[in-house]
Amino acid sequence: MMQWSEPDERYRITKAASEVREGECLLTWHWPKEINYVYIDSFEDGGEQPPDGLDPKRLKLFTREEYKAKNGYRARVDFTGPYFYRIYPCVMLEGRLTPLSQRDGDNLTRVSGGRGKIRYGIKYGGGWFSKYKTVQIRLFCEIPVPREALCYVKKEGAAPRNKEDGTFYPFMNDFPPGRTELPPIEVGKNDYIRLFFTDGPIYGERFELIPD
């Protein structure tokens with residue numbers, strides 16, 4: 001296990017910032033005068049762990065000289081949705097490089113990654129004189145999509161405009177990458193269906209929902 005030390009005002013990382021360009025993320029921050037090494041932790045939304053519980057393999061050691069040579073810390077954007085980087089300053093204590101457990105807003109930066117595309121189609125079927133018709137939903141997902149991200153909404157007379165504009169139905173299974181064809185649904189002859197995110201602000205950052 002790594003040995004951590006308490007934060008010290010003299011050695012605080014400040015002004016952590018990030019910028020995404022052409023599939024690459026550039027991190028920048030202000031280095032205290034005495035700090036020549038940092039550890040960088042990266043994690044998904046909700047995935048941060050306290051310093052004393054971190055696996056050392058998860059941390060990236062980065063030097064001030066590397067920072068100068070590359071004008072910051074650069075990483076590929078191979079994730080979707082919100083992502084975070086925390087920069088821990090390191091000092092030499094008793095001959096050992098020791099990270100300081102600074103955890104505030106000054107050494108944390110948030111990155112918005114790409115969005116995985118979800119394409120979907122809805123096909124109606126049934127006889128002219130029937131009171132009911134069938135609905136076939138097909139999806140093509142670039143990346144895995146959890147079932148709680150999507151719902152379908154049924155409305156009589158017209159397609160629903162949002163998830164509150166009709167009767168809300170959840171999905172029972174996650175969606176793997178690739179094509180998924182759901183079992184047919186029986187609805188009234190004048191009913192229409194559309195797919196929506198269950199929570200637009202949360203899932204809209206990770207996925208793009210595209211009707212065919």
Side-chain angles (χ1 to χ4, degrees), residues 1-118 141-146 148-149 174-178 199 201-208:
M1 294 292 293
M2 296 179 64
Q3 297 296 318
W4 291 78
S5 185
E6 292 299 313
D8 188 312
E9 189 67 25
R10 297 170 296 171
Y11 305 134
R12 289 179 64 254
I13 297 293
T14 58
K15 300 181 180 178
S18 56
E19 181 181 4
V20 175
R21 289 185 180 178
E22 298 179 355
E24 184 180 65
C25 175
L26 172 64
L27 306 185
T28 57
W29 60 88
H30 175 72
W31 291 75
K33 184 177 179 181
E34 298 86 353
I35 296 297
N36 292 308
Y37 299 89
V38 298
Y39 274 115
I40 301 173
D41 183 27
S42 59
F43 47 92
E44 295 180 347
D45 193 13
E48 185 169 21
Q49 298 179 7
D52 57 6
L54 281 172
D55 183 346
K57 296 178 182 178
R58 164 169 160 163
L59 299 173
K60 168 70 175 179
L61 182 64
F62 198 65
T63 70
R64 184 191 285 262
E65 290 303 314
E66 288 177 294
Y67 184 95
K68 289 180 179 178
K70 299 178 180 179
N71 294 314
Y73 175 81
R74 299 175 185 272
R76 287 184 57 197
V77 179
D78 54 2
F79 49 84
T80 61
Y83 205 74
F84 296 82
Y85 291 89
R86 189 178 291 281
I87 302 103
Y88 291 105
C90 299
V91 296
M92 294 299 295
L93 293 178
E94 301 178 354
R96 175 184 295 174
L97 190 62
T98 304
L100 306 182
S101 55
Q102 177 188 345
R103 294 188 72 187
D104 54 46
D106 288 341
N107 68 328
L108 177 70
T109 183
R110 179 182 186 276
V111 178
S112 183
R115 296 193 297 167
K117 290 183 173 58
I118 306 170
C141 305
E142 286 189 335
I143 59 176
V145 178
E148 61 268 19
D174 297 335
F175 301 99
D199 189 316
I202 291 178
Y203 296 111
E205 273 199 305
R206 296 176 56 191
F207 306 106
E208 182 179 3

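If you're wondering where the values come from, they're calculated on a predicted model, not measured in any experiment.
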Can you tell me how far [atom2] of [Y] sits from [atom1] of [X], rounded to the nearest 0.5 angstrom?
{"X": "Ser101", "Y": "Asp52", "atom1": "OG", "atom2": "CG", "result": "8.5 Å"}
{"X": "Glu6", "Y": "Gln102", "atom1": "CD", "atom2": "CD", "result": "12.0 Å"}
{"X": "Asp41", "Y": "Asp55", "atom1": "CG", "atom2": "CG", "result": "10.5 Å"}
{"X": "Lys15", "Y": "Thr109", "atom1": "NZ", "atom2": "OG1", "result": "14.5 Å"}

Closest heavy-atom pair and its distance - [X], [Y]:
{"X": "Ile118", "Y": "Cys141", "result": "CG2-SG, 4.1 Å"}
{"X": "Trp31", "Y": "Asn36", "result": "CZ3-C, 3.6 Å"}
{"X": "Ile13", "Y": "Pro89", "result": "CG1-CD, 3.7 Å"}
{"X": "Gly114", "Y": "Val77", "result": "N-CG1, 4.2 Å"}

Got [X] and [Y] here, is their nearest side-chain heavy-atom distance under 4.5 Å?
{"X": "Thr28", "Y": "Tyr67", "answer": "yes"}
{"X": "Pro144", "Y": "Pro177", "answer": "yes"}
{"X": "Phe43", "Y": "Gln49", "answer": "no"}
{"X": "Leu26", "Y": "Ser18", "answer": "no"}
{"X": "Glu34", "Y": "Tyr11", "answer": "yes"}
{"X": "Ser42", "Y": "Phe84", "answer": "no"}
{"X": "Pro146", "Y": "Asp174", "answer": "yes"}
{"X": "Glu24", "Y": "Arg76", "answer": "no"}

I'd like to know if Asp8 pairs up with Arg10 as an ion pair, taking the criterion as any Lys NZ or Arg NE/NH1/NH2 lying under 4.0 Å from an Asp or Glu carboxylate oxygen.
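Yes, this pair counts.
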[X]: what forms a salt bridge (Lys or Arg N to Asp or Glu O under 4.0 Å) with it, not counting sequence neighbours?
{"X": "Glu205", "answer": "Arg110"}
{"X": "Asp45", "answer": "none"}
{"X": "Glu19", "answer": "Arg21"}
{"X": "Arg12", "answer": "Glu9, Asp104, Asp106"}

| query | Which pairs with one or both residues in residues 84-95 pass side-chain hydrogen bond (donor to acceptor under 3.5 Å, both in side chains), sequence neighbours excluded? | reply |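 Applying side-chain hydrogen bond (donor to acceptor under 3.5 Å, both in side chains) to every pair that reaches into residues 84-95, excluding sequence neighbours, yields Glu48-Arg86, Arg86-Asn107.
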Determine whether more than 12 heavy atoms belonging to other residues, nucleotides or ligands lie under 6.0 Å from atom OH of Tyr73.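 Counting neighbours around OH of Tyr73, more than 12 heavy atoms of other residues, nucleotides or ligands fall under 6.0 Å, so yes.
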Decide if atom CD of Glu44 counts as having more than 12 heavy atoms of other residues, nucleotides or ligands within a radius under 6.0 Å.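 At most 12 heavy atoms, drawn from other residues, nucleotides or ligands, come within 6.0 Å of this atom.
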Before giving the answer on side chain to side chain contact (heavy atoms under 4.5 Å, CB included), spell out for Val20 and Ser112 the whole-Å C-alpha distance, their side-chain angles and the decisive distance to 0.1 Å.
-> CA-CA 8 Å; Val20 175; Ser112 183; over 6 Å; no
TODO: Kindly determine whether Arg206 and Arg115 satisfy side chain to side chain contact (heavy atoms under 4.5 Å, CB included), including the steps that lead there.
DONE: CA-CA 5 Å; Arg206 296 176 56 191; Arg115 296 193 297 167; over 6 Å; no
* Looking only at atom types and distance, does a side-chain atom of Trp4 sit under 3.5 Å from a main-chain N or O of Pro51, one as donor and one as acceptor? ->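 Pair found, side chain donor or acceptor close to backbone of Pro51.
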| said: Using a 3.5 Å distance criterion without hydrogens, assess whether the side chain of Tyr37 forms a donor-acceptor pair with backbone atoms of Met92. | reply: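 No, because the side chain of Tyr37 does not come within donor-acceptor range (under 3.5 Å) of the backbone of Met92.
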So if I apply the side-chain contact (heavy atoms from CB on, under 4.5 Å) rule between Tyr39 and each of Ile87, Leu100, Leu59, which one comes out positive?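 The option that passes is Leu59.
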Taking ring-ring contact (aromatic ring centres under 6.0 Å, His included) as the definition, give me every residue that meets it alongside Tyr203, ordered by chain and number, with sequence neighbours left out.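 Tyr203 satisfies ring-ring contact (aromatic ring centres under 6.0 Å, His included) with no other residue.
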